[in-house]
Student: 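Provided herewith is a single structure, encoded as structure tokens, for subsequent inquiry.
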2 protein chains.
Amino acid sequence: MIGMTVATLPTTRRNASQRRRAPEIIEAAAMVFAERGFHGATTQDIADVLGIRQASLYYYFSSKEAALELVCLRGVEGFFETGKAIAARPESAQKRLSLLISSHLSPMLDRGNFVKVFLNERQHLPAESRRRIGRWSRGLERIFEQVIEEGVTAGEFRAGLDARLVTLAVLGMCNAASSWYLKENKDVPAIASEFSNLVIYGLAIRPAKRRPTRR
Amino acid sequence: MIGMTVATLPTTRRNASQRRRAPEIIEAAAMVFAERGFHGATTQDIADVLGIRQASLYYYFSSKEAALELVCLRGVEGFFETGKAIAARPESAQKRLSLLISSHLSPMLDRGNFVKVFLNERQHLPAESRRRIGRWSRGLERIFEQVIEEGVTAGEFRAGLDARLVTLAVLGMCNAASSWYLKENKDVPAIASEFSNLVIYGLAIRPAKRRPTRR
DNA sequence: AATTCCATCTATCGACCTATAGAATAATTA
DNA sequence: TAATTATTCTATAGGTCGATAGATGGAATT
């Protein structure tokens, strides 16, 4: 359309990544939203982090809500896919649940703010994108739930447990980490290991009855 | 005190509860804050719930932040005291931890919105009241942590577990319930029972090794 | 060198929201 | 019933914030 010479796109068309600073801008938004919450944060706050003017942000996103959506998308991305891959492995339910816990915790290392914003602020997304993103997280819940049920039918886990409640317990436990892992001095593998032990032993069939160590 | 006959306060001084609707107003605030978050909610939203004018609210609280503080106070009240009482009982650590979990979950029945607001919105309190309220919740964490440590030294729980991480796991698990217990169709005793089992079995010393049921 | 494009800037509008002042009404007490 | 007190109202000030329009300067392209 513009600047065409002869054929289609003969010259080294500058189709290179437009908005080069986009990742930096969205990271700043994640940081500010994580710290103050979506409604508590102002676009001015984001601009301050970047050292640019408030209005300049609108070159990178069309609205504050759009920025939230970008942050939330990076906050969920990968969770469902890796979860699905782990659930499909040919290993014991114990092993798979343990891996699910690890992989659920690991994104906190490199994109903790994104995950935190997704967890706490997704309710403020406009209806449409909220539903879209909500599907991902319900999908992930189903993955956990199913592995737990498989563990029960395989005889690895206690019969009679409520897989739904256990799922909510495990996810609640893991997700809470996003709110304290910066303050506490614990590294992700240590957290994953402690949580896995708690859950795996907690669900396991107890081999023999034994009265609580008196004395 | 009230209804004295002769001496001080000759007439039936109307020292009765001023601001009669105060509990109703603060409940409406809790509901709105729980639903939209502190900054996402407007005083108009609260007034709409009550069917009064926005400005009339200021007869009941001096600022929106003051309303948040009132809600948060009811959201934490009792947790620390009952926790302390349970921890002091002369029972096994298992039993006490189990009771701590139950009692931590039960306020969701009658004041779920207050608890939810405390958990999610306390960060937006003015610095002073945030610190004051923060002390309560750190106190509660210490109670859990100590009971867990006592369980280890008593030989009820696995040696080598990280009591701090387990505390954060248990509280994360329980607190998450405030965000889903209305949607999920689970009653509080069922949740408490499932969570207790998970945690108590998860921490318990396993009586015997047993390889995962192959086939 | 001229042109086009990218990124950021200045300036500002309009909407929304908290909080105050003071009038008006309802309830209670003397 | 009159006086007093409690509650809600109207009106609006004052501030903040998101978003738009259009200008500016620099970099890349031709």
Side-chain angles (χ1 to χ4, degrees), chain A residues 1-29 32-33 35-71 121 124-126, chain B residues 2-5 9-29 32-33 35-71 121 124-126:
Chain A
M1 230 47 126
I2 295 174
M4 291 172 73
T5 34
V6 181
T8 49
L9 303 176
T11 61
T12 60
R13 199 85 183 78
R14 197 213 268 104
N15 55 2
S17 70
Q18 284 174 328
R19 323 278 124 124
R20 240 169 308 184
R21 294 228 281 164
E24 188 185 346
I25 270 75
I26 205 64
E27 179 124 21
V32 172
F33 289 161
E35 193 163 294
R36 316 199 178 184
F38 177 67
H39 287 295
T42 68
T43 51
Q44 183 65 61
D45 295 332
I46 302 174
D48 288 347
V49 169
L50 294 159
I52 62 176
R53 299 284 166 170
Q54 177 262 343
S56 304
L57 291 172
Y58 286 79
Y59 181 68
Y60 294 95
F61 49 74
S62 57
S63 71
K64 198 187 167 194
E65 281 181 346
L68 177 62
E69 185 168 358
L70 290 173
V71 172
E121 311 299 331
H124 302 117
L125 285 169
Chain B
I2 296 175
M4 291 169 75
T5 37
L9 304 173
T11 58
T12 58
R13 199 85 184 80
R14 194 213 270 108
N15 55 4
S17 70
Q18 283 175 330
R19 324 276 124 122
R20 239 169 308 188
R21 295 228 278 164
E24 188 185 345
I25 270 74
I26 206 64
E27 180 125 19
V32 171
F33 289 160
E35 193 164 294
R36 316 198 178 184
F38 176 67
H39 287 295
T42 68
T43 51
Q44 183 65 61
D45 294 332
I46 302 173
D48 288 347
V49 169
L50 294 160
I52 63 175
R53 299 286 167 169
Q54 178 262 342
S56 304
L57 292 172
Y58 286 78
Y59 180 67
Y60 293 95
F61 48 74
S62 59
S63 71
K64 197 187 166 193
E65 279 181 347
L68 177 61
E69 185 169 358
L70 290 173
V71 172
E121 311 299 331
H124 301 117
L125 285 169

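Model, not experiment: these values are computed from the prediction. Each chain gets a letter, A, B and so on, in the order the sequences are listed, and its residues count up from 1.
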Student: Nearest-Å distance, CG (A:L68) to P (D:dC17)?
Tutor: 18 Å
Student: Specify the separation, in whole Å, of atom CZ of B:F33 and atom P of C:dC17.
Tutor: 13 Å
Student: Hey, does the side chain of A:R21 come within less than 4.0 Å of C:dT8's phosphate (OP1/OP2), counting only N and O?
Tutor: yes
Student: Separation of A:R36 atom CZ from D:dC17 atom P, in whole Å?
Tutor: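 Value for this atom pair: 10 Å.
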Student: What is the nucleic acid contact for A:A41, judged by heavy atoms within less than 4.0 Å: base, sugar-phosphate only, or nothing?
Tutor: sugar-phosphate
Student: For residues 38-46 of chain A, dump all side-chain donor-acceptor pairs below 3.5 Å to protein atoms at least two apart in sequence or in another chain.
Tutor:
{"residue": "A:T42", "atom": "OG1", "partner": "A:Q44", "partner atom": "N", "Å": "3.4"}
{"residue": "A:T42", "atom": "OG1", "partner": "A:D45", "partner atom": "N", "Å": "3.0"}
{"residue": "A:T42", "atom": "OG1", "partner": "A:D45", "partner atom": "OD1", "Å": "3.3"}
{"residue": "A:T42", "atom": "OG1", "partner": "A:D45", "partner atom": "OD2", "Å": "3.2"}
{"residue": "A:T43", "atom": "OG1", "partner": "A:Q54", "partner atom": "NE2", "Å": "3.2"}
{"residue": "A:Q44", "atom": "NE2", "partner": "A:D48", "partner atom": "OD1", "Å": "2.9"}
{"residue": "A:D45", "atom": "OD1", "partner": "A:R36", "partner atom": "NH1", "Å": "3.3"}
{"residue": "A:D45", "atom": "OD2", "partner": "A:R36", "partner atom": "NH1", "Å": "3.2"}
{"residue": "A:D45", "atom": "OD2", "partner": "A:T42", "partner atom": "N", "Å": "3.0"}

Student: Which pairs, protein N/O on one side and nucleotides 10-12 of chain D N/O on the other, fall under 3.5 Å?
Tutor:
{"residue": "D:dT10", "atom": "OP2", "partner": "B:R53", "partner atom": "NE", "Å": "2.9"}

Student: Can you tell me if the side-chain N/O atoms of B:Y59 get under 4.0 Å from OP1 or OP2 in D:dT8?
Tutor: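 Negative; the distance criterion is not met.
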Student: For the CG atom of B:L50 and the CD atom of B:E27, what is their distance to the nearest 0.5 Å?
Tutor: 10.0 Å
Student: Please tell me if the side chains of B:F33 and B:K64 come closer than 4.5 Å, counting only heavy atoms from C-beta onward.
Tutor: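 Yes; the side chains approach each other to less than 4.5 Å.
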Student: Starting from P on D:dG26, measure out to CD1 on A:I52 and report it in whole angstrom.
Tutor: 18 Å
Student: Rounded to the nearest 0.5 Å, what separation is found between the CG atom of A:L68 and the CD atom of A:E121?
Tutor: 7.0 Å
Student: Look up atom CD1 in B:I52 and atom CD in B:E24, then write down how far apart they are to the nearest 0.5 Å.
Tutor: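 Separation between the atoms: 8.5 Å.
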Student: Take atom CZ in A:R53; do more than 12 heavy atoms of anything else shown fall under 6.0 Å from it?
Tutor: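 Open: at most 12 neighbouring heavy atoms sit under 6.0 Å from CZ of A:R53.
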Student: Rounded to the nearest angstrom, tell me the gap between atom CZ in A:F61 and atom P in C:dT8.
Tutor: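 About 12 Å, once rounded to whole Å.
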Student: B:E65 CD to C:dT18 C1': how many Å, rounded?
Tutor: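 Atom-to-atom, B:E65 to C:dT18, this comes out as 11 Å.
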Student: Provide the closest heavy-atom pair for B:A67 versus B:I26 in the form atom of the first, atom of the second, distance.
Tutor: O-CD1, 3.7 Å
Student: Dump every N/O contact between nucleotides 14-16 of chain C and the protein below 3.5 Å, one line per pair.
Tutor:
none

Student: Is B:E65 close to B:L125 at the side-chain level, that is, under 4.5 Å between some pair of heavy atoms?
Tutor: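 The answer is no; the side chains never approach within 4.5 Å.
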Student: Quick check for you: among C:dT28, C:dT8, D:dA19, whose closest atom lies nearest to any side-chain atom of A:Y58?
Tutor: D:dA19
Student: Working to the nearest 0.5 Å, report the span between CD1 of B:I25 and CG of B:L57.
Tutor: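 The CD1 atom of B:I25 sits 7.0 Å away from the CG atom of B:L57.
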Student: Distance check needed: C:dT8 C1' versus A:I46 CD1, whole Å only.
Tutor: 17 Å
Student: Are OP1 or OP2 of C:dT28 and a side-chain N or O of B:R20 less than 4.0 angstrom apart?
Tutor: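 So the side chain of B:R20 is within the cut-off, an N or O lying under 4.0 Å from OP1 or OP2 of C:dT28.
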Student: Write down the distance between NZ (A:K64) and P (D:dA19), rounded to a whole number of angstrom.
Tutor: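 So the two atoms are 8 Å apart, to the nearest Å.
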